[in-house]
Amino acid sequence: YDRLIFIRTGKYWAYSFASIGKSLHQTDDGEIELSYAVVTENDVELDRDYISHELGHGLGLVHANSIYVSTGEIRTYGDWWDNRGGLFAQIDELHKYILGWLGIDQIKIVTSGGEYMLDQRELDSDGVKLIVIPLGFYYENGIKKLILYYLEYFKELGEFDSRIFSDFEPDVNKDLVLPRKYKYEG
């Protein structure tokens, strides 16, 4: 097996965790490479979404963060549109591309004004699923990094994405929050 999910029983287990990608492990049969997740018996309910969250880590994905524009504050788990940020969402289109599940022909990089069409993200199709807009650069530890803003179209279909807007209550009196998922080092 490439991935293992362990389910702990008992009322005292209150958290889940997973490896980020695969790692080497010694067994009686020799060395194997796999990812793992440990969840509780309470996490197996579909409305908890922890198994898909931890599986995302096992595939090599980190948490889906957000950035508060006015302060630059980064919030872990802050992106409500991805299952490693908010609840019930499927993996976003940028991470689907990173995993090889979305073709480059389904991404449009926008560098000038215009009208652009987006296809919904929930169902399989050949349309453009992700618009990427380069916003500028910033420096982190002396390394120049590109800031990307991206857009997806949610149609609220399926078991996970149909719950996003019913669970998310934005506060219009608070700061603008942008998803922050990808940094290009260049």
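Atom CD of Glu93 is separated from atom OH of Tyr153 by 13.0 Å, given to the nearest 0.5 angstrom. Within the model, atoms OH of Tyr36 and NZ of Lys22 stand 14.5 Å from one another, a figure rounded to the nearest 0.5 Å. Atom CG of Leu135 and atom OH of Tyr149 lie 8.5 Å apart (nearest 0.5 Å).
A donor-acceptor distance shorter than 3.5 angstrom exists from the side chain of Asp92 to the backbone of Leu94, with no hydrogens or angles considered.
Closest of all the heavy-atom pairs between Ala18 and His57 is CB-CB, 3.9 Å. For the pair Ile107 and Leu102, the tightest heavy-atom approach, listed with the atom from each and the gap, is CG1-CD2, 4.1 Å. Between Leu146 and Tyr138, the shortest heavy-atom contact is O-CE2, 4.4 Å.
The environment of Asp126 atom CG is sparse: at most 12 non-hydrogen atoms of other residues, nucleotides or ligands sit within 6.0 angstrom.
Between Pro134 and Ile109 the shortest side-chain heavy-atom distance falls below 4.5 Å. Between Leu61 and Ile91 there is a side-chain heavy-atom pair separated by less than 4.5 Å. Considering only heavy atoms from C-beta on, Ile131 comes within 4.5 Å of Val110 through its side chain. Leu118 is not listed as a side-chain neighbour of Lys129, based on a closest heavy-atom distance of 4.5 Å or more. Counting heavy atoms from C-beta outward, Ile32 and Leu24 have side chains that stay 4.5 Å or more apart. Contact annotation: the side chain of Gln106 never approaches that of Leu130 to less than 4.5 Å [non-hydrogen atoms, C-beta and beyond].
The pair Glu152-Arg121 meets the salt-bridge criterion, since a charged nitrogen lies less than 4.0 angstrom from a carboxylate oxygen.
Legend: side-chain hydrogen bond (donor to acceptor under 3.5 Å, both in side chains) pairs involving residues 107-120, not counting sequence neighbours, sorted by first then second residue: Asp119-Ser125.
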With side chain to side chain donor-acceptor pair (under 3.5 Å) as the criterion, how do Thr27 and His25 come out once you've worked through the C-alpha distance, each side chain's angles and the decisive distance to 0.1 Å?
CA-CA 6 Å; Thr27 71; His25 300 272; over 6 Å; no
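Listed by chain and residue number, nothing satisfies the ring-ring contact (aromatic ring centres under 6.0 Å, His included) test with Tyr97 (two or more places apart in sequence, or in another chain).
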